[in-house]
Structures are given as C-alpha cells and as structure tokens.
Amino acid sequence: MRYQKPKGTADILPADSHQWQYVENKAQEIFSTYDFHEIRTPIFESYDVFERSSGESSDVVSKEMYDFDDKGGRHIALRPEGTAGVVRAYVENKLFGPEQVKPYKVYYHGPMFRYERPQSGRLRQFHQIGVEAFGASSPALDVEVISMALEFLRSLKLSGLKLEINSLGDSATREKYHQALVDYLTPLADQLSEDSQRRLQTNPLRILDSKDAHDQELVANAPSIIDYLTPESQAHFAAVKAGLSGLGIDYEVDSTMVRGLDYYTDTIFEIMVKSPAFNNSEMTVIAGGRYDGLVEEFGGPAEPGIGFGIGVERLLLLLDQDQMPVQPKLDFYLAKVGDDVQVPALRILQEIRRCGFSADQDYLDRKIKGQFKSATRLDARFVITVGESELASGEVPVKDLATGEQVQVKLSDLENDFQAVYQQLMQQFGGK
RNA sequence: GCGGUAUUGGUGAAGCGGUUAACACACCGGUUUGUGGCACCGGCAUACGUGGGUUCGAUCCCCACAUACCGCCCCA
C-alpha cells in the first residue's frame, strides 16, 4: 500500500461519522439551553499563544507541540487544546468590551494536535468539544458549567458518572503550597519512586497523582492545598460546593487532583466514567476549571474565565453502541429494466428527492436481481421498478422490502406528484 | 523520548526456507428470458507492510525503516 495516513491520525468513515454528528448535535442542543454559542477559531496559531498559556515548562509545550515554521518564517503551532485560541480571540476581538453581555459564553468543537505516541483513545490529531465563559467570577457560573457538563453526558445516556472537584486557589496560594509540598517530600525523597524523585524537581504537584502504590502512601499525609487557600478562595469553593449540593449533584473533593496546564485557578473539576470499555476502570471524559489570570495574560483586562474540554474519541469509546444511531435507511431504490428507462428514471428520482426523501438507483447495469440485492444492502424501505411495460401501461409496482408486499402506483404521479404516491404508500403499508 | 507485541486478499485468517499461498466469510456472475432467500456452479492475493541482506531458492531467517496495538514518561 503506497500511501498511509500520518501516524496518530484516523479516518472517520461514514459508519462512524453519524455517531460524531450525534454527539456534536447533542452538545449544541444542550449548550444552547445554557445560552452558549459556537465560536470557531483557527486550528493553528502563533506558537507563542500556546507557550504563553500553557506554561513553558509544561510537557505540552516542551515536547508535545506540533509546531513548524511557515514559509514566511513564522513560528506556528497546531493547537494542542482549545482554550488558548479562544482567549486570544476574546482579547483580539475586544469581546471584553462594554457592548457585550457578560459572561460571554462560547463553545467549540474540532481537531486538536499533540505530538505524542499514539495509544488507545490518544491520537496526534484528536478532537475536543469545549466551552468557555468569560467575565464573571460568580461561583454560580462554576456550578452551571459543571452541571452543563453533566447534563451533556446524561443526554448521551452515560451512566456511572463521578464528579470530582478541587480548588487550586490563586497563584500566591499555589506558590505557597508548592513550597510546602516540596518541604514535605524532600526529606522523603529516597523513598519515592524513581519517576517521582524526578518529578520533585520538575513538577512536584504531579507526585500527588502518582500511580506508584508507595508514593500514594507518602502522599496521603502530605499537606493539602485546601489548607492553603486564601479566605476569598475558601469562600468561592464553599459556594461552589453549596451550589452543587443545591442542585442535588453528588461530588467528591479530591485535594490531590492537579492539572497539566499552568493556567488554572480556584475551581477545577473532572468527570469520570466507569466503563466496561476500559476494564471497568475509571476514565476522565471531561476536565475543566477556572483560569482567572488568562485573559490578562493575553493582554486583556483582568477578567475571569472558566471552561471545560471533552475528549471526543474517548467519549465515543464509552458510549453504548446499541444506543448509537446507525446509518439512516434509504427511502426508495429505483430498479430499472430495459434500455430506454434511464431518462424517466432520472425524472422520477428527482421528483422523489425534491419531496425530501432519499433515493438511489443502479449505475452498474446490474440485472434486476442484482438491483434488488443492492436495495437490500442499502436497507431501502421501498423498491420502485420501472421497465418498458410500466412506461407502456402507466402503472408502476412499488414493493415494501420489509413485508414483500407490492402495490401499483401511477407513473404520472411518480413523475409529477410524488406526495400523492407517498400518501398512497402510507395508507397501504401504514406507519412511517 | 523508552520498552513489548504485531504487519499475508474486501474481511477473519492458515502456511514458517522450494505450495497452484489453504480454509471461511463477504462480494460479483451464472443455474435461460423482470424481483431480495436458500442451494448448486464459477470468479475473486503476478502476491505475503517497505527497503536491504543471508541462501541455489524467502511470505517464512537477519537488519533497518514505517505503521498499528499495549505499557512507561506525559496527559486527559
């Protein structure tokens, strides 16, 4: 095979694209009830956009960025996540201006890129659906964003959802906590796993969710970030928890939950699903949080923001295949007999399609038997047969493939008044 | 970036140094002339991921590369 798709990419063929559309449509449906509207930003941005937002030391920037120099010598990167580009657009278009209603609420969906080793549910080009809301720091917004995420997953009939929340406080909080954690772990360094000893230097917060069992024990007694929150952050977090409880939403506070990207502040959350698709282990499908410094970081006013992202590939793996829509049935298949029926056939097909039904025919000169086979393979509801004798008699047989019953309809109606034909068929065969 | 496993037709795959590259499914055609099933008959890999090497001879052995899957790092 001469050509193959680039490593870590996937072709989404029609059999799957129906499921993608289903998920995307659901997202739009649910999000719009919360008054979120779609925003489309470029899938590539200046490299600096992501370097600025994600933190220079983060792995996303240091080794996973899909970047290149374009012909004009600009350092470009394919977006590794959605938030940075949206914030850039928010600032560049001055959407923080007084003529906009706050909070400014948007959602997006599309491809993201990370130069990493592909694994199950992890590709170099993957897809996210995300939302962002700017310009309000009310904890009520946190609660609504979280509940919207849950409603979306519920609308897809996902069960076994688990919501975990944490607060990272403001940047001063994180600095103090960072120091406290290092102070606690440094004396224990020789007991840490090899990976975590390295993390102690590079990213101590990551040790909190180490997979190593002994690390877990040591971390259990580590100081908790919750104890380092400022009074304001404490109050915000308390209000978020109260709001969730008020909506009857179950949650767990996980004070060891951390983030790979540097820009998060205060509330962060993840929604996990336990699924047989992943050996009944829990898998995060939605992750999000506040990023109250990011707009300012991009040269805008000191405005707060909050959002979340959904990994679509991962989400699709979790969805029950039985509940997924399949390719829609074909309404009509037109079988032809003889040589001189092609033109009338084209006229009939056009009339059917103009009435809003799907219709197809044979293009390979197959025998009538083969045409019926094609109709069956296309899952057609009805087969219309047109041949010389029909053209002569003006009567055309229409067969219901499910029952095998066949009725005669007028050729003139087929060509000129298909609605009448359809009503006749519905009377004869009932239902839709 | 590191490690493991794999790569044969449309699909599932057998073969592991010399074969007509098995078998099954799917698909296409036919079993006389205009109807989906079944049965029967026939067709369907100048070819075994790519490039080198070893050999009289390689799908089968060796090396490199590519890709996929799994794990780590990382992330979600």
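Just so we're on the same page: letters track the sequence lines, and every chain starts at 1.
- Remark: the separation of the P atoms in B/C40 and B/U59 is 36 Å, to the nearest Å.
- For A/Tyr104 and A/Tyr90, the ring centers sit closer than 6.0 Å to each other.
- No hydrogens or angles considered: a donor-acceptor pair under 3.5 Å links the side chains of A/Glu132 and A/Thr83.
- B/A45 and B/A22 have their C1' atoms separated by 13 Å, with the value rounded to a whole Å.
- Residue pairs meeting the ring pair (Phe, Tyr, Trp, His ring centres under 6.0 Å) criterion with at least one partner in residues 390-413 of chain A, sequence neighbours excluded, are absent.
- Residue contacts shown for A/Arg117 include a base, since a base heavy atom lies under 4.0 Å away.
- A sub-4.0 Å separation between OP1 or OP2 of B/A76 and a side-chain N or O of A/Arg114 is absent.
- The P atoms of B/G12 and B/A26 are separated by 15 Å, rounded to the nearest whole Å.
- As rounded to the nearest Å, B/A21 and B/C44 have P atoms that lie 13 Å from one another.
- With sequence neighbours left out, A/Ser46 forms a side chain to side chain contact (heavy atoms under 4.5 Å, CB included) with A/Asp48, A/Val49.
- Residues satisfying the ring pair (Phe, Tyr, Trp, His ring centres under 6.0 Å) criterion with A/Tyr228, sequence neighbours excluded, are A/Tyr177.
- Considering only the side chain of A/Lys7, B/A68 comes nearest among B/C70, B/A68, B/A76.
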Could you encode protein contacts along nucleotides 34-42 of chain B as a string, one character per nucleotide from 5' to 3', using B for base contact, S for sugar-phosphate-only contact and - for no contact, with a heavy-atom cut-off of under 4.0 Å?
BBBS-----
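- Nucleotide B/C28 holds its P atom 10 Å from the CG atom of A/Leu364, rounded to whole Å.
- The P atoms of B/A47 and B/G52 are separated by 16 Å, rounded to the nearest whole Å.
- Listed by chain and number, the residues in a side chain to side chain contact (heavy atoms under 4.5 Å, CB included) with A/Glu388 are A/Asp340 (sequence neighbours excluded).
- Residue-level contact check: A/Gln119 touches the bases, meaning some heavy atom is under 4.0 Å from a base atom.
- Listed by first and then second residue, the salt bridge (charged side-chain N to carboxylate O under 4.0 Å, His left out) pairs that reach into residues 350-361 of chain A come to none, sequence neighbours excluded.
- A/Ala287 comes within 4.0 angstrom of sugar-phosphate atoms only, judged by non-hydrogen atoms across all strands, and of no base.
- One C1' atom belongs to B/A6, the other to B/U50, and the distance between them is 16 Å to the nearest Å.
- Regarding A/Asp195, its CG atom lies at a distance of 18 Å from the P atom of B/G1, rounded to whole Å.
- Relative to the side chain of A/Arg206, the nucleotides B/C73, B/A76, B/U67 differ in distance, and B/A76 lies closest.
- Rounded to whole angstrom, the span from the CD atom of A/Gln201 across to the C1' atom of B/C73 amounts to 17 Å.
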Secondary structure string for RNA chain B (Watson-Crick or G-U under 3.5 angstrom, | for other-strand pairs)
((((((((.[[[..)..(....]]].(((((.......))))).....[[[[[..)....]]]]])))))))....
Show your reasoning for whether side-chain hydrogen bond (donor to acceptor under 3.5 Å, both in side chains) applies to A/Asp70 and A/His75.
CA-CA 7 Å; A/Asp70 73 7; A/His75 193 187; over 6 Å; no
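- Contacts of A/Arg377 with the nucleic acid, taken as non-hydrogen atoms under 4.0 Å apart, involve only primed sugar atoms and P, OP1 or OP2.
- Between the CD atom of A/Gln125 and the P atom of B/A68 there is a distance of 13 Å, rounded to whole Å.
- Among the heavy atoms of the strands, none lies under 4.0 Å from A/Gly288.
- Every residue two or more places apart in sequence or in another chain was checked for a ring pair (Phe, Tyr, Trp, His ring centres under 6.0 Å) with A/Phe372, and none qualifies.
- Taking the side chain to side chain contact (heavy atoms under 4.5 Å, CB included) definition, one finds that A/His37 meets it with A/Asp35, sequence neighbours left out.
- One finds no side-chain N or O of A/Arg198 lying less than 4.0 angstrom from the OP1 or OP2 phosphate oxygen of B/C73.
- Taking atom CG of A/Leu123 as the reference point, atom P of B/C70 lies 10 Å away to the nearest angstrom.
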